[in-house]
Asks: 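Below is a structure I'd like to ask you about.
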Amino acid sequence: MKTTVKTICNFILIAVISCSNSERQGGITGSSANRDNQETEITYVPGMSLCKAASYPVGVAVSAEKLGDSRYAGVVRREFNSVTAENQMKMAYISVAPGKYDWERADAIVAYAEKNNTRVHGHALLWHESLPPWVENFEGTDEEFEAEIKTYIQAVVEHFKGKVASWDVVNEAIEEDGSWRNTVFLQHMGEDYVARCFRWAREADPGVLLFYNDFNLSSNPVKAQAAADMLKGFLPVDGVGMQMHIQVETPAISKIADAVNIFTEMGLIVHFSEIDTRLNADDKLTELTYEAALAQENRLGEIVDMYNTIPESQQYGITFWGLRDNESWLLSRYGTDWPLLFTETYEYKIAHRGVIRAFE
Ligand code: G3I
């Protein structure tokens, strides 16, 4: 069937079904393969949305501008019941100067979520890669620095109290060898700065869930253990965000399971917080082949199957780090790839089917 007609059908489908609908739509995995019933297409027509099929929240990283696009928002509304600001709740976007904040874009994301019965996961209170100039070039004393960071954390958590369900309090504080990452926060505040940041956030909102978020926790057992040891040092912490920027072949599911077990065994909630699957790490592909798309479908199926083994009380949900392939951060970082669930024209890649089938 011509793409145009298929796209229109997709659009009608999206407009009809949303996560707020109480009715399940069609079979869980929709039409077999695709409209032409050929197992060679990289897209398909779904019968069920991700958030209707899942027993836990399914999220996506968004921006205020993208949510202002009706087509984009239509797909997000249908497929997801959780959102994370990809960038607009980071310090570099909110903190204009000490004690001065720009809430506009973050508030727009919260407004979308409130209107659409969607959870908001806050990302991230402290991250060394998203610093306003006044932090990066701070010239005061360490005590003055710490006082400003405490003020910032408590102002942000209080501003979003009752609107944001959870926060990545600190993002990526640990190096691959398990040592402390030498960030501006470590330099000014010392090794137990992470614990103090969690305490300040908890003081600002006793009801918000507090997470530590990092990458390679699923592939690097030394880093995962270091994160667990750090968090044990200042429990109660609610959860860990395993970012899950992964490839089709690596890390092995057994490695991911071992890392997940480190955190579930200490009672933490687990959030697969930034899922994308690189298909072209060796840079051999110039277009998305069916073989690559199928490998991605199968990979996502095994990742979600693995997540489903986590005890229900410790499942915070899974979040995809973007909606459409062309929007992924990976493209500007590494080049051509197709890491997400939707094509640039909002068609459902068979990767989406891999996730849906894991919810069966
Ligand atoms: O908005 C400006 C635009 O006006 C300007 O023309 C353009 C060129 O300089 O930059 C645009 O800002 C970019 C922003 O993304 C929005 O697209 C920044 O340069 C760019 O650095 C920023 O990258 C983000 C990155 O974090 C750094 O903050 C990515 O979108 C985002 O996906 C990525 O997400 C991180 C998580 O927060 C933490 N885990 C790792 C993950 C990937 O790095």
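Counting starts at 1 for both ligands and their atoms, in listed order. We count residues from 1, following the sequence as given.
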Asks: Flag His123 as yes when one of its N or O atoms lies below 3.5 Å from any N or O atom of ligand 1, and as no otherwise.
Replies: yes
Asks: With no hydrogens and no angle check, do the side chains of Glu172 and Trp127 hold a donor and an acceptor under 3.5 Å apart?
Replies: yes
Asks: Which pairs count as ring pair (Phe, Tyr, Trp, His ring centres under 6.0 Å) when at least one residue sits in residues 64-102, sequence neighbours excluded?
Replies: Tyr101-Trp103
Asks: Is atom 35 (C) of ligand 1 close to the protein, meaning a heavy atom under 4.0 Å from it?
Replies: yes
Asks: Distance to 0.1 Å, residue and atom name: give those for the protein heavy atom nearest to atom 31 (C) of ligand 1.
Replies: Glu86 OE2, 3.5 Å
Asks: Does any N/O atom on Glu129 come nearer than 3.5 Å to any N/O atom on ligand 1?
Replies: no
Asks: Can you tell me the protein heavy atom closest to atom 15 (O) of ligand 1 and the distance?
Replies: Asn87 ND2, 3.6 Å
Asks: Short check: is a protein heavy atom less than 4.0 Å from atom 38 (C) of ligand 1?
Replies: yes
Asks: Look up atom 9 (O) of ligand 1 and tell me if a protein heavy atom lies less than 4.0 Å from it?
Replies: no
Asks: For atom 40 (C) of ligand 1, what is the nearest protein heavy atom, given as residue, atom name and distance?
Replies: Glu274 OE1, 3.4 Å
Asks: Which is closest to atom 26 (O) of ligand 1 by heavy-atom distance: Glu327, Lys90, Met89?
Replies: Lys90
Asks: Could you tell me whether atom 17 (O) of ligand 1 has at least one protein heavy atom nearer than 4.0 Å?
Replies: no
Asks: Could you tell me whether atom 20 (C) of ligand 1 has at least one protein heavy atom nearer than 4.0 Å?
Replies: no
Asks: Under 4.0 Å from atom 28 (O) of ligand 1, do we find at least one protein heavy atom?
Replies: yes
Asks: For atom 6 (O) of ligand 1, decide whether some protein heavy-atom distance is shorter than 4.0 Å.
Replies: no
Asks: Less than 3.5 Å apart, any donor N or O on the side chain of Thr84 or His121 sitting next to an acceptor on the other?
Replies: no
Asks: Parallel, tilted or perpendicular, judged at 30° and 60°: which one describes the rings of Tyr307 and Tyr56?
Replies: perpendicular
Asks: Would you say the side-chain atoms of Ser273 and Asn213 include a donor-acceptor pair closer than 3.5 Å?
Replies: yes
Asks: Of the choices Trp321, Tyr93, Trp329, which has the non-hydrogen atom that lies closest to atom 13 (C) of ligand 1?
Replies: Tyr93
Asks: Would you check if the distance from the ring center of His188 to the ring center of Tyr193 is below 6.0 Å?
Replies: no
Asks: Mark yes when over 12 heavy atoms from residues, nucleotides or ligands other than Glu65 sit less than 6.0 Å from its CD; otherwise mark no.
Replies: yes
